[in-house]
Enquirer: 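Have a look at this one before I ask anything.
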Amino acid sequence: MLPAFPLLPEFKLRTASLALSAVALAGCMSLAPAPDTPPPPVPAVWSGHPESGTKGAHAGELAWQAYFTDPLLQRLIETALENNRDLRLAALRVEEASATFRIQRSDRFPAVGLGAQGGRARVPGDLNMSGRSQVGGEYRAEVGLSTWELDLWGRVRNLEDAALQRWLASDAARQAVYLALIAQVADGYLGLREIDERVAIARQTVDTREESYRIFRRRVEVGSTSKLDLIQVQTLLNQAQTLLTRLEQARATQLHALALLVGADPGPLPTKVPFDETTVLAELRAGLPSELLVSRPDIISAEHQLRASDAHIGAARAAFLPRIALTGSFGTASSDLNGLFDSGSRAWTFMPTLSLPIFDGGRRRANLELSEVRRDIAVAGYEKTIQTAFREVADALSAKHWLAEQLTIQRANLEAQSERARLAQLRYDNGSAAFLEVLDAQRDLLDAGQQLVQARRALLSSQVALYAALGGGTLAASNEVDGATSTPASIPSTR
């Protein structure tokens with residue numbers, strides 16, 4: 001039995017198959033350079049702190065709620081994550097990049113529209129062959145396809161991929177702002193607690209010296225001591241009062257800065273017990289420098305910017321090749337509105353276009369060179385971001401190590417100054433030394449107490465800086481911040 005349709009000769013079948021294969025392969029073509037991430041321009045291990053690579057928890061897998069366990073600090077961080085304007089702007093930039101990506105992605109699909117038009121016109125007799133005026137009309141109703149580019153060379157897909165990578169970069173930048181905000185709030189809270197403790201020490205010193213001034217003034221009145229000793233006691237009192245006023249001013253400034261970070265009034269902060277060496281944060285494992293590539297959001301953002309620049313090169317290369325676009329419509333047309341949908345009124349148009357600029361004054365070449373230069377800039381920015389991250393981690397490790405040593409020294413210094421002040425007071429009471437010796441000892445004792453508190457805070461701040469430098473919590477909770485409309489990572493790559 002013969003088939004219902006004639007068979008093509010074998011060579012025609014082969015030719016048609018080859019043509020279809022060529023079109024399919026062309027449709028998958030991309031002229032963007034292959035992804036090539038430059039190697040990290042940093043040493044493979046942390047120099048000077050080998051013990052930090054294996055001990056403690058992985059910062060990227062440790063959520064901030066598990067690292068900062070102080071309930072008051074947790075409340076402040078949660079308030080900041082809800083109200084901070086910088087974080088809100090970062091989230092809005094993610095939404096902006098998301099909308100830009102969806103706009104660019106729409107170019108991959110044909111734009112189909114429904115249209116209708118109608119009109120009547122009178123043509124004077126001197127403008128037509130009959131010599132008499134004519135009245136005519138035209139009415140149309142169509143479904144149309146408008147200038148849909150056949151993306152044979154991947155130009156549209158590369159532009160879409162560039163928009164996607166910018167979206168991913170903006171989301172990673174939002175995560176970097178998120179982590180930086182947590183670290184800033186924690187450090188600001190530690191700074192406030194430091195000043196509170198220094199204020200308490202200064203206020204206690206003022207109270208003690210006011211009592212000493214009262215006693216010495218009475219001694220001068222009864223003639224049991226000289227007025228010089230009274231002036232020296234007053235000098236001690238004035239110094240302590242000056243320090244107290246400076247610390248109160250610093251506390252107000254620190255509280256205002258914390259309120260700005262939080263984005264709202266932090267409310268009354270209850271008095272906390274003095275923080276000391278027992279107030280420690282979890283031990284963190286620095287790991288290897290290469291681990292920063294997947295845990296630091298700023299490095300991730302820079303890498304996505306690098307991928308976007310690669311995609312732009314592909315689009316710039318595709319501009320040198322022919323562009324094919326399809327335009328067409330299908331519907332009905334008639335000179336009379338009543339006959340618009342009558343039999344035989346079907347109408348259609350199909351207009352493929354092929355364009356290839358021959359001379360454009362070097363625009364396409366310059367555009368390609370611009371894309372390549374921007375990729376070089378992205379590479380340099382990526383490498384600099386890695387170097388900055390490496391330095392931040394190295395600085396935090398060094399600070400943690402040496403500040404611990406300083407804290408031990410400051411603690412010993414405070415004990416020595418306390419004993420010195422006790423002995424100087426005892427020598428003065430026994431008449432073996434002038435009050436100037438007591439004056440110097442009391443002044444140094446106050447300084448030693450203040451420096452010990454500062455050393456404790458600096459050590460805790462170094463631990464906060466290390467948590468942020470290692471990309472703390474990025475792997476544990478990468479989508480905690482409200483504001484992103486969808487997860488960019490869920491969008492498949494267009495390559």
Side-chain angles (χ1 to χ4, degrees), residues 188 190-258 268-279 403 405-461:
L190 292 175
L192 189 62
R193 286 192 57 187
E194 172 208 341
I195 295 177
D196 284 341
E197 186 170 349
R198 292 178 63 191
V199 166
I201 295 174
R203 185 173 289 116
Q204 182 181 4
T205 303
V206 168
D207 294 341
T208 302
R209 291 180 181 180
E210 284 179 345
E211 179 63 17
S212 298
Y213 179 75
R214 186 189 66 80
I215 294 174
F216 271 76
R217 186 174 58 185
R218 181 60 180 166
R219 288 181 179 180
V220 170
E221 291 175 355
V222 300
S224 61
T225 190
S226 66
K227 190 174 181 180
L228 177 60
D229 289 344
L230 177 63
I231 297 300
Q232 290 174 334
V233 171
Q234 184 179 5
T235 301
L236 277 178
L237 174 59
N238 293 339
Q239 290 174 347
Q241 291 173 334
T242 301
L243 176 61
L244 179 59
T245 56
R246 288 177 179 173
L247 290 175
E248 291 286 4
Q249 179 187 2
R251 186 186 188 281
T253 302
Q254 184 72 16
L255 188 60
H256 298 157
L258 185 60
L269 300 179
T271 304
K272 300 288 294 183
V273 295
F275 62 96
D276 53 21
E277 60 272 16
T278 63
T279 308
L403 286 171
E405 297 287 338
Q406 294 178 32
L407 182 59
T408 302
I409 296 172
Q410 289 295 340
R411 191 182 303 113
N413 182 51
L414 180 61
E415 295 176 357
Q417 292 295 343
S418 298
E419 182 64 13
R420 175 192 172 196
R422 187 187 69 82
L423 294 176
Q425 186 67 45
L426 184 61
R427 282 167 54 83
Y428 173 77
D429 293 340
N430 293 329
S432 302
F435 191 76
L436 182 61
E437 183 176 335
V438 178
L439 179 70
D440 290 338
Q442 291 290 339
R443 184 188 301 112
D444 293 342
L445 176 61
L446 178 59
D447 291 341
Q450 297 285 321
Q451 291 171 5
L452 178 61
V453 176
Q454 291 175 310
R456 287 169 178 165
R457 181 272 171 106
L459 178 59
L460 291 174
S461 293

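Side-chain atoms are counted along with the backbone in the values below, which use heavy atoms only and exclude waters and symmetry mates.
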Enquirer: What do you reckon, is CD of Gln249 surrounded by more than 12 foreign heavy atoms closer than 6.0 Å?
Expert: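 Counting neighbours around CD of Gln249, 12 or fewer heavy atoms of other residues, nucleotides or ligands fall under 6.0 Å, so no.
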Enquirer: Can you tell me how far the OG atom of Ser212 sits from the CG atom of Asp229, to the nearest 0.5 Å?
Expert: 12.0 Å
Enquirer: Does the side chain of Asp196 reach to within under 4.5 Å of the side chain of Leu192, using non-hydrogen atoms?
Expert: yes
Enquirer: Which value, rounded to the nearest 0.5 Å, describes the distance between Leu237 atom CG and Phe216 atom CZ?
Expert: 12.5 Å
Enquirer: Could you tell me which non-hydrogen atom of Gln442 sits nearest to which non-hydrogen atom of Ala421, and how far apart they are?
Expert: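 Minimum heavy-atom separation between Gln442 and Ala421: NE2-CB, 4.1 Å.
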Enquirer: Measuring from atom CZ of Arg198 to atom CG of Leu452, what distance do you get when rounded to the nearest 0.5 angstrom?
Expert: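 Separation between the atoms: 11.5 Å.
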Enquirer: Say you draw a straight line from CG of Leu247 to OG1 of Thr242; how long is it, rounded to the nearest 0.5 Å?
Expert: 11.0 Å
Enquirer: Could you check whether Arg209 and Thr205, counting side-chain N and O atoms only, form a donor-acceptor pair closer than 3.5 Å?
Expert: no
Enquirer: Of all heavy-atom pairs between Leu445 and Ser418, which one has the smallest distance, and what is that distance?
Expert: CD1-OG, 3.4 Å
Enquirer: If you compare all heavy atoms of Gly449 against all heavy atoms of Ile201, which two are closest, and at what distance to 0.1 Å?
Expert: O-CD1, 4.0 Å
Enquirer: Is there side-chain contact between Leu414 and Gln410, with at least one heavy-atom pair below 4.5 Å?
Expert: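 No, side chains not in contact.
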Enquirer: Check whether any side-chain heavy atom of Gln425 lies under 4.5 Å from a side-chain heavy atom of Arg422, and answer yes or no.
Expert: no
Enquirer: Of all the heavy-atom pairs spanning Leu258 and Gly188, show the shortest one and how long it is.
Expert: CD1-C, 4.3 Å
Enquirer: Give every donor-acceptor pair under 3.5 Å between a side-chain atom in residues 431-440 and any protein atom, sequence neighbours left out.
Expert:
residue: Glu437; atom: OE2; partner: Arg427; partner atom: NE; Å: 3.2
residue: Asp440; atom: OD1; partner: Arg443; partner atom: NH1; Å: 2.9

Enquirer: I'd like to check the side chain to side chain donor-acceptor pair (under 3.5 Å) partners of Arg218; sequence neighbours left out, ordered by chain and number.
Expert: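 Partners of Arg218 under the side chain to side chain donor-acceptor pair (under 3.5 Å) test: Glu221.
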Enquirer: Assess the side chains of Arg251 and Gln254: does a donor N or O sit below 3.5 Å from an acceptor N or O?
Expert: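 Short answer, no.
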Enquirer: For residues Leu403 and Ala458, report the shortest heavy-atom separation together with the two atoms involved.
Expert: CD1-O, 3.2 Å
Enquirer: Could you give the distance from CZ (Arg420) to CG (Asn413), rounded to the nearest 0.5 Å?
Expert: 10.0 Å
Enquirer: Start with the C-alpha gap between Gln406 and Gln451, add the side-chain angles, then the distance that decides, and say whether side-chain contact (heavy atoms from CB on, under 4.5 Å) holds.
Expert: CA-CA 10 Å; Gln406 294 178 32; Gln451 291 171 5; over 6 Å; no
Enquirer: For salt bridge (charged side-chain N to carboxylate O under 4.0 Å, His left out), just list the numbers for Arg456 and Glu197, CA-CA rounded to whole Å, side-chain angles, deciding distance to a tenth of an Å, and then say yes or no.
Expert: CA-CA 11 Å; Arg456 287 169 178 165; Glu197 186 170 349; 3.6 Å; yes
Enquirer: Let me see the working for Glu210 and Asp207 under side-chain contact (heavy atoms from CB on, under 4.5 Å), right down to the final yes or no.
Expert: CA-CA 5 Å; Glu210 284 179 345; Asp207 294 341; 4.1 Å; yes
Enquirer: With rounding to the nearest 0.5 Å, note down the distance linking CD in Glu248 to CG in Leu243.
Expert: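 Spacing of CD (Glu248) from CG (Leu243) equals 10.5 Å.
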Enquirer: Test side-chain contact (heavy atoms from CB on, under 4.5 Å) on Gln239 and Thr235; report intermediate values, then the result.
Expert: CA-CA 6 Å; Gln239 290 174 347; Thr235 301; 3.7 Å; yes
Enquirer: Show the numbers, then the answer: is there a side-chain contact (heavy atoms from CB on, under 4.5 Å) between Leu460 and Glu194?
Expert: CA-CA 11 Å; Leu460 291 174; Glu194 172 208 341; over 6 Å; no
